[in-house]
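Before any comments, here is the structure.
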Amino acid sequence: MALKIYNTLTLKKEAFKPIEKNVIKLYVCGVTVYGHCHIGHARSAIVFDVVYRYLLEKGYNVIFIKNFTDIDDKIIRRASEEGISWKEVGEKYIKSFYEDMDALHVLRPVHEPRATEHIEDMVRLVETLLEKGYAYKVNGNVYFSVERYKKYGELSKRTLEEMLAGARVEIDERKKNPLDFALWKASKEGEPFWETPFGTGRPGWHIECSVMSTKYLNNPFDIHGGGKDLIFPHHENEKAQTEAATGKPFVNYWMHNGFVNMEKEKMSKSIGNIFLIKDFLKNHHPEALRLFFLSTHYRNPIDYNEQSLEDMHNALLRLYYTLERVSKLQPAKIIKPKRHIPADELFNRFYKAMDDDFNTALALSYIFELSKMLNRMIDEYDESAIHSIHYTQNLMVRLARILGLLNDDLQTFHHNETQRHLEAKGLDMETLEKMIHERTDARKNKNFKKADGIRNLLLEKGIMLLDTPAGTEWRIKYISPMKGEE
RNA sequence: GGCGGCAUAGCCAAGUGGCUAAGGCGACGGUCUGCAAAACCGUUAUUCUCCGGUUCAAAUCCGGAUGCCGCCUCCA
C-alpha cells in the first residue's frame with residue numbers, strides 16, 4: 001500500500017517516496033519555551049505523533065527530530081517578568097512541556113535538540129551565507145537578503161511584490177528590503193549573548209531549525225512539519241537560508257496542521273483566548289483530546305468547545321466499556337486467537353485510510369465498527385466465539401494504539417476516571433457508595449420512587465447507574481448542562 | 001488590497017466523478033428491565049450553501065454568487 005501525503009509545497013497529495021529506502025527523516029518544529037503549552041500545541045504534537053506512530057507501524061526506521069527553541073525575545077521578556085534567568089525560563093517550561101506530552105501519550109522523538117546547544121553551527125551557517133553574498137551586516141545585525149534568493153515565496157505561494165503590497169511589514173531603515181529577516185541579532189544591554197566573528201549577539205528566530213534539521217538529518221530530508229501558521233515566515237525563511245547556504249533542496253514534503261479555534265476564532269496568544277493543556281486535563285481524559293483532534297482531518301481547522309469534548313469523552317468511554325465487556329467474559333482455558341475475517345477487513349481499511357494522507361477520521365470509524373462488532377459477538381455469545389472475540393479485540397487495540405488511544409489498562413482507566421470525575425463533581429467514593437446502597441435497599445422494598453430519585457440525582461452528577469444481574473454498577477456519563485435541564 | 005482554504009443530517013465530521021453519502025454525539029422506536037441504563041437491532045441527509053455549465057453519470061470537475069475562516073506581524 002502506498003502512502004500519500006499532501007505537500008504544502010505543491011498543494012497536492014503526492015505519492016510518498018523516502019530518500020533512503022526504509023528510512024524516514026522527519027523534523028517537526030517544537031515549541032518556544034516561554035509558557036505552558038495550550039491546546040493548539042497539543043494538536044500539532046498529537047498530529048505528528050500519529051504520523052510518527054503510523055510510519056513506525058509501517059516498518060520504517062523513522063528519525064524523528066523535534067526541537068526546543070530556548071532563546072528568543074519572548075523568553076528574555078518572560079525571564080524579567082518572572083525574575084529568573086532566561087535559562088531557568090527554558091528549563092521550567094521544558095519540564096512543563098514534558099508533563100503535558102507524557103500525559104497526552106505523545107511519544108518522545110529520537111532527538112530533541114535545543115537551539116542554544118547549536119550556536120556554533122548557527123554561526124557557521126551565518127558565515128556561509130555572508131560568504132556567498134546572501135547576507136549582509138548592519139550594526140552587528142546580520143540580515144538575509146530575500147532578493148538574492150530567487151525562490152523566496154515558493155512555499156507560502158507569494159511573490160516579493162505581493163508581500164510588499166501587503167505593506168504591514170514594519171519598515172526598518174537598516175534593511176535593504178523590508179522583508180529581509182534577521183539571521184543574527186546584536187544583543188542589547190543585559191541580554192544574553194554569544195561572541196561571534198560578526199558581533200556579540202544572539203540568533204534570529206528561524207536559524208535554529210535550519211541548523212538542527214540539517215545537522216541531524218542532512219538535506220534534503222523527507223518531511224518537515226508544523227502548524228499552518230509557521231508556513232510564513234518561519235518555514236519560508238528556513239528554506240531560503242538552508243537552500244541558499246547548501247545549494248541543495250531543503251525538504252521534500254512539507255506538512256502543516258490546521259489551527260484550533262475558540263468560538264470560530266483562531267486560538268492565539270495575542271488574542272488571549274488560549275486554553276492550556278493542563279486545564280484541559282483537569283476535566284477530561286487525555287485521550288478524549290486525541291479523539292477530538294483525530295476525528296477531523298489534520299489540515300482542517302477544528303473548533304474547540306466543551307460540547308464537542310464531552311461528545312468525544314462519551315465516545316471514548318464507549319470504546320473502553322467494550323474492552324471491559326470482553327474482559328468480563330468467562331475466560332477460555334487457552335486463548336488461541338482465531339481469525340475473524342470481517343475484523344481483518346476493517347483492519348485493512350484502516351491502513352488504506354491512513355495511507356491517504358493520514359485520514360484519521362475515517363480510520364477512527366473502523367475502530368468504532370470493531371467495537372460494535374465485538375459488542376454484537378458478546379451479545380450473541382457462545383463459548384466457541386471466545387477466540388474470535390479475542391482476535392478482534394487485539395486488532396481493535398492495536399489500531400487504536402497507532403492513533404495513541406486505549407493506552408490505559410482497565411484498572412488505571414477506572415481509577416483515573418473516577419478520581420477526576422468525583423473531584424470535579426464534589427463527590428467522594430464513600431457518599432457515592434452510600435447512595436447506591438440506599439437505592440438498592442429502596443429497590444428491594446419496591447420503593448421505586450425513592451430509588452429513581454437517587455438515580456436521577458446521580459445522573460445529574462454525571463453518574464449513570466446500571467442494574468445488572470450481578471448488582472448495581474455505575475459509569476461516568478457526560479451530560480451537558482443544556483441537555484440536563486431539558 | 002494580495003494569496004490560500006472551507007460550506008455535507010439537530011450537532012461534530014469522512015467522502016472529491018459511477019456500489020446503499022462512513023463514523024461519533026444526540027433524538028426516537030424495538031429487544032431487555034419494576035421503570036431505566038448499558039449493549040444490540042431499526043429510524044433519523046432521495047440529497048451535499050445557491051445559480052449556471054461540462055459529462056451517459058457530479059456532493060465530487062469548471063464558471064459565477066453568497067457566507068465563514070486563515071495567512072500577508074509574534075504564533076502550533
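The structure presented is a predicted model; accordingly, all values stated were derived computationally and were not measured.
Here A/Phe448 packs flat against the base of B/rG34; its ring centre is closer than 5.5 angstrom to the base's six-membered ring, tilted by less than 30 degrees.
Nucleic acid contact class of A/Tyr366 (heavy atoms, under 4.0 Å, all strands): none. Within 4.0 Å (heavy atoms only), A/Lys446 reaches no atom of the nucleic acid at all. Residue-level contact check: A/Val47 touches neither bases nor backbone, having no heavy atom under 4.0 Å from any strand. Counting any heavy atom pair closer than 4.0 Å across all strands shown, A/Gly227 reaches sugar-phosphate atoms only and no base atom.
The separation between A/Lys372 atom NZ and B/rA38 atom P is 14 Å, rounded to whole Å. Distance A/Ile231 CD1 to B/rG70 C1': 10 Å, rounded to the nearest Å. Here B/rC3 presents its P atom at 14 Å from CG of A/Leu11, a figure rounded to the nearest Å. We find that CG of A/Leu230 is positioned 15 Å from P of B/rU73, with the value rounded to whole Å. The NE2 atom of A/His234 sits 22 Å away from the P atom of B/rG70 (whole-angstrom rounding). Rounding to whole angstrom units, CZ of residue A/Arg299 and C1' of B/rC6 are separated by 12 Å. The NZ-C1' distance, from A/Lys266 to B/rC69, rounds to 12 Å in whole Å. As a whole-Å value, the separation of A/Asn261 CG from B/rA76 C1' is 13 Å.
Here the side chains of A/Trp254 and A/Thr10 are not in contact, with every heavy-atom distance at 4.5 Å or above.
Considering only the side chain of A/Ser365, B/rG23 comes nearest among B/rG23, B/rC72, B/rA39. Of the candidate nucleotides B/rA37, B/rC35, B/rA76, B/rA76 has the atom nearest to the side chain of A/Val31. In the set B/rA39, B/rA76, B/rA22, the nucleotide with an atom closest to the side chain of A/Glu369 is B/rA22. Side-chain atoms of A/Asp467 lie closest to B/rC35 of the nucleotides B/rC35, B/rG24, B/rA76. The side chain of A/Asp452 lies closest to B/rG34 when the candidates are B/rG34, B/rG24, B/rC71. Among the nucleotides B/rA39, B/rC3, B/rG23, the one closest to any side-chain atom of A/Lys157 is B/rC3. Distances from the side chain of A/Arg455 to the nucleotides B/rG34, B/rA76, B/rA39 place B/rG34 closest. With distances taken from any side-chain atom of A/Lys477 to the nucleotides B/rG24, B/rA22, B/rA38, the minimum falls on B/rA38. Checking B/rA76, B/rG34, B/rC3 against every side-chain atom of A/Glu162, the shortest atom distance belongs to B/rC3. Looking at the side chain of A/Arg376, the nearest of the listed nucleotides B/rG24, B/rC74, B/rC41 is B/rC41.
A salt bridge does not link A/Lys450 to A/Asp441: none of the charged nitrogens lies less than 4.0 Å from a carboxylate oxygen. A salt bridge links A/Lys239 with A/Glu154; the closest basic N to acidic carboxylate O contact falls under 4.0 Å. With respect to the salt-bridge test (charged N to carboxylate O, under 4.0 angstrom), the residues A/Arg376 and A/Glu380 do not qualify. A salt bridge links A/Arg53 with A/Asp49: at least one charged nitrogen is closer than 4.0 Å to a carboxylate oxygen.
In this model, the phosphate group of B/rA22 is not approached by any side-chain N or O of A/Arg349 to a distance below 4.0 Å at OP1 or OP2.
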Show the distances under 3.5 angstrom between N or O atoms of the protein and N or O atoms of nucleotides 8-17 of chain B.
residue: B/rA13; atom: O2'; partner: A/Ser295; partner atom: O; Å: 3.3
residue: B/rA14; atom: OP1; partner: A/His297; partner atom: N; Å: 2.7
residue: B/rA14; atom: OP1; partner: A/Asn300; partner atom: OD1; Å: 3.0
residue: B/rA14; atom: O3'; partner: A/Asn359; partner atom: ND2; Å: 3.0
residue: B/rG15; atom: OP1; partner: A/Asn359; partner atom: ND2; Å: 3.0

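Pairing partner, B/rA59: none, since no Watson-Crick or wobble contact has both distances short of 3.5 Å. Across the strands present, B/rC35 finds no partner; the criterion is a Watson-Crick or G-U wobble pair with both atom distances under 3.5 angstrom. When both distances must be under 3.5 Å, the Watson-Crick or G-U wobble mate of B/rC40 is B/rG30. Base-pair partner of B/rC25: B/rG10 (Watson-Crick or G-U wobble, both distances under 3.5 Å). Using the Watson-Crick or G-U wobble rule with both distances under 3.5 Å, B/rC50 pairs with B/rG64. Across all strands shown, B/rG70 forms a Watson-Crick or G-U wobble pair with B/rC3, both key distances being under 3.5 Å. When both pairing distances are held under 3.5 Å, B/rU16 makes no Watson-Crick or G-U pair with any nucleotide shown.
The gap from the P atom of B/rU43 to that of B/rG1 amounts to 50 Å, rounded to the nearest Å. Comparing B/rU60 with B/rC51, their P atoms sit 13 Å apart, to the nearest whole Å.
Scanning for side chain to side chain contact (heavy atoms under 4.5 Å, CB included) contacts around A/Ser96 gives A/His36, A/Tyr93, A/Asp100, A/Lys278, with sequence neighbours left out.
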Review point. Please walk me through it: do A/Glu306 and A/His284 pass side chain to side chain donor-acceptor pair (under 3.5 Å)?
Key: CA-CA 10 Å; A/Glu306 269 308 304; A/His284 293 288; 3.1 Å; yes
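Rounded to the nearest 0.5 Å, atoms CG (A/Leu316) and CZ (A/Arg318) are 12.0 Å apart.
For a distance-only test at 3.5 Å, the side chain of A/Arg443 qualifies as a donor-acceptor partner of the base of B/rG34.
If you check the side chains of A/His437 and A/Glu433, you find no donor sitting under 3.5 Å from an acceptor.
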